[in-house]
Amino acid sequence: MEIPRHWRINPQRYELIGEECPHCKIKIFPPRDVCPNCGGEAKEEYTFSGRGEVYSFTTLYDGPAGFEEMTPYTVALVKLEEGPVVTAQLTDLGSTGVEIGMPVEMVTRRIRSDGDERGMLIYGYKFRPVGFTTAK
Amino acid sequence: MAAPEKSPLLLIPDRQVGFIGYGAYVPRYRLPGSAVSHIWRFGESGSPVKEKAVAGLDEDVITMSIEAARNALARAGIPARELRAVWVGSESHPYAVKPSGTVVAEALGASSSISAGDWQFACKAGTEAIVAAMGLVGSGMGRYALAIGMDTAQGKPGDALEYTAGSGGAAYIVGPADEALAVIEAAYSFVSDTPDFWRRQEQKYPEHGQRFTGDPAYFKHIQAAAETLLRETRTTPADYRYAVFHQPNPKFPQRAGKALGFNDEQIKDGLLVPVIGNTYAGAALIGLTAVLDIAQPGDRVLVTSFGSGAGSDAFALRVTDAILERRGKARSTADYITRRTEIDYGTYVRFRGKLAMR
């Protein structure tokens with residue numbers, strides 16, 4: 001059981017909440033309270049837009065424990081438009097091929113169940129192709 | 001038409017309310033009706049729908065509600081922290097015990113000073129939440145309330161419902177009428193103990209009570225609710241540009257509409273069941289999103305849900321000028337319907353957890 005470990009990071013997982021350094025203004029994800037750029041204290045919450053692009057990716061056919069039923073699935077390094085690079089699953093690909101530089105957006109999805117079907121459900125960010133938007 | 005008088009039957013809050021934002025969600029996968037017929041009827045049986053929407057492996061009522069609600073917030077133009085309620089109506093909540101509403105609320109960034117919870121009334125759980133939101137906002141207990149109808153509908157393999165039981169739904173933010181893109185002029189609820197459809201605790205698939213499905217359930221409740229609303233608001237079908245009914249298949253809402261005096265032209269834009277299936281608690285509500293995507297200021301819309309067990313909620317809406325600048329702020333329902341990947345029956349069985357893995 002890893003319930004507290006998941007619960008503690010709900011905001012970053014559900015909403016992509018990271019931090020902004022008050023000194024050098026860079027955006028930080030995941031939140032770590034110390035700026036990786038200038039070394040200053042950085043505790044100001046910052047909600048990322050969720051938009052980014054695929055920096056690199058790979059497809060897993062043999063998933064780690066807890067992800068077996070999801071295979072095959074694609075994991076990408078996503079470069080967020082604010083700067084940080086996050087590792088996440090890609091979803092809703094359908095027949096869309098993945099390419100480096102492909103624009104993606106964050107969605108909140110079911111990541112896995114903690115243990116068997118009796119366990120807590122873990123939700124968090126994944127990214128999908130932006131393709132179908134007409135929103136202004 | 002004069003403003004409705006305070007009828008003792010109508011649900012009209014002291015302070016008029018309306019929808020200030022709305023958002024739809026349909027997952028991308030589609031199972032053609034012919035695929036179900038192929039497996040269970042040697043392909044010899046027709047399907048009531050062209051295809052139905054199927055949730056992906058990582059989707060459920062919580063994730064789909066989050067996306068629909070984000071669309072609703074984008075159109076409403078309010079921060080999630082201003083919501084005072086997050087209510088999710090569904091008959092496929094991921095947990096038997098643990099609210100969907102709190103996960104949705106936290107993912108949206110709502111504050112902790114809210115009412116959050118889950119509603120269940122078969123296919124009218126979502127409109128039930130809207131009626132409650134009208135009460136909360138109309139009484140002044142809160143300025144904004146989020147009400148969602150969403151389902152990953154269950155149908156037993158091989159059952160008639162398997163052709164139609166789809167995934168999707170919609171989210172609505174209820175707020176003061178002067179901020180609304182559609183004002184709720186009146187609502188009316190009509191219920192009775194009717195054994196047309198149910199799913200017992202811990203059962204995977206619903207049962208339906210044969211002959212109870214049509215006349216004594218769907219038609220009786222939809223017609224009673226809509227007729228009473230029309231009579232008490234002193235309106236007639238001709239006063240409405242659009243009418244949306246719960247849509248378990250294409251025939252039922254068309255027949256109910258006709259019996260009430262609505263024509264096909266009024267019904268067609270909100271009739272999504274042929275292309276996404278019956279989204280249960282989401283069905284009438286997502287039909288309304290497709291209408292709001294194209295409605296003009298001043299248009300009136302009549303919406304009537306139906307939930308088995310049984311009951312209907314009917315709403316008389318009037319679209320305002322605000323629709324024009326707000327509807328483009330999120331993806332349209334047509335965008336979601338157009339985003340489409342066809343799957344076969346085997347993939348559907350896997351996506352919907354019908355394969356026993358151990």
Side-chain angles (χ1 to χ4, degrees), chain A residues 3 6-17 45-50 63 66-74 88-96 105-136, chain B residues 23 25-30 55-67 69-71 74-75 79-80 93-96 98 100 102-110 152 293 325-332 334-343 347 350-351 353 355-358:
Chain A
I3 294 171
H6 296 297
W7 174 78
R8 262 184 222 113
I9 59 172
N10 275 350
Q12 70 185 62
R13 277 231 185 107
Y14 289 0
E15 271 194 282
L16 273 187
I17 293 181
E45 274 192 4
Y46 178 86
T47 304
F48 285 80
S49 70
F67 293 87
E68 300 97 332
E69 291 178 19
M70 292 294 295
T71 55
Y73 59 87
T74 300
Q89 273 188 43
L90 298 184
T91 188
D92 283 5
L93 291 172
S95 51
T96 318
E105 62 183 0
M106 186 274 263
V107 287
T108 307
R109 291 293 170 90
R110 192 192 279 200
I111 304 291
R112 65 183 175 91
S113 167
D114 184 22
D116 61 17
E117 63 281 352
R118 291 174 304 158
M120 177 182 74
L121 296 169
I122 299 160
Y123 295 91
Y125 54 80
K126 294 190 180 184
F127 289 80
R128 73 170 171 208
V130 172
F132 71 114
T133 184
T134 59
K136 293 157 202 75
Chain B
Y25 182 73
V26 183
R28 84 171 293 159
Y29 303 101
R30 300 287 180 278
L57 274 176
D58 59 0
E59 295 187 280
D60 59 25
V61 161
I62 287 177
T63 67
M64 291 163 44
S65 295
I66 291 168
E67 181 155 347
R70 282 179 179 151
N71 286 334
R75 288 199 173 98
H93 290 290
Y95 287 96
K98 186 179 185 301
S100 302
T102 53
V103 186
V104 174
E106 195 143 327
L108 297 176
T152 54
D293 280 346
E325 48 116 5
R326 278 188 224 166
R327 67 176 154 215
K329 294 186 171 164
R331 287 189 173 106
S332 73
D335 288 336
Y336 281 104
I337 293 173
T338 313
R339 180 185 76 136
R340 172 188 176 280
T341 299
E342 191 172 314
I343 56 171
T347 307
R350 185 183 174 203
F351 280 7
L355 263 183
M357 302 289 282
R358 55 179 164 256

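In what follows, every heavy atom counts, from backbone to side chain, and hydrogens, waters and symmetry copies are set aside. Letters A, B, ... are given to chains in the order of the sequence lines, protein chains preceding strands, and every chain is numbered from 1. Note that the coordinates shown come from a computational prediction; the quantities given were computed from them, not determined experimentally.
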| request: Classify the ring geometry between B:Tyr336 and B:Tyr25 as parallel (under 30°), tilted (30 to 60°) or perpendicular (over 60°). | output: perpendicular
| query | Do B:Asp335 and B:Thr338 have a side chain donor and acceptor closer than 3.5 Å? | reply | no
| query | Side chain, backbone, both or neither: which part of B:Arg350 has a non-hydrogen atom closer than 4.5 Å to chain A? | reply | side chain
| Taking every heavy-atom pair that is under 4.5 Å apart, which of B:Ala107, B:Pro27, B:Gly56, B:Ala334 has the most such pairs with chain A? | B:Ala107
| task | Sort A:Arg128 into side chain, backbone, both or neither according to what part of it lies under 4.5 angstrom from a heavy atom of chain B. | result | side chain
| message | Taking every non-hydrogen pair under 4.5 Å, which of B:Met64, B:Lys98, B:Arg70 racks up the most with chain A? | response | B:Arg70
| note | One should read off an interatomic distance between B:Ile337 CD1 and B:Arg28 CZ, to the nearest 0.5 angstrom, of 14.5 Å
| task | Any chance you could lay out the side-chain contact (heavy atoms from CB on, under 4.5 Å) test for A:Lys126 and A:Ile111, step after step, and finish with the verdict? | result | CA-CA 8 Å; A:Lys126 294 190 180 184; A:Ile111 304 291; 4.0 Å; yes
| field | Side chain B:Arg30, main chain B:Glu342, donor-acceptor under 3.5 Å | value | no
| query | With only heavy atoms counted, which part of A:Ile122 is less than 4.5 Å from chain B, the side chain, the backbone, both or neither? | reply | neither
| Hey, does B:Glu67 have a side-chain heavy atom less than 4.5 Å from the side chain of A:Val107? | yes
| task | Count the heavy-atom pairs under 4.5 Å between each of B:Asp60, B:Ile66, B:Thr341 and chain A, then report the option with the highest count. | result | B:Asp60
| Out of B:Leu108, B:Ile62, B:Leu57, which one racks up the most heavy-atom pairs below 4.5 Å with chain A? | B:Ile62
| remark: Applying a strict 4.5 Å limit to non-hydrogen atoms, the region of A:Thr47 in contact with chain B is neither
| said: So for A:Gln89, is it side chain, backbone, both, or neither that comes closer than 4.5 Å to the heavy atoms of chain B? | reply: neither
| query | Do any N or O atoms from the side chain of A:Arg13 and from the backbone of A:Trp7 form a donor-acceptor pair under 3.5 angstrom? | reply | no
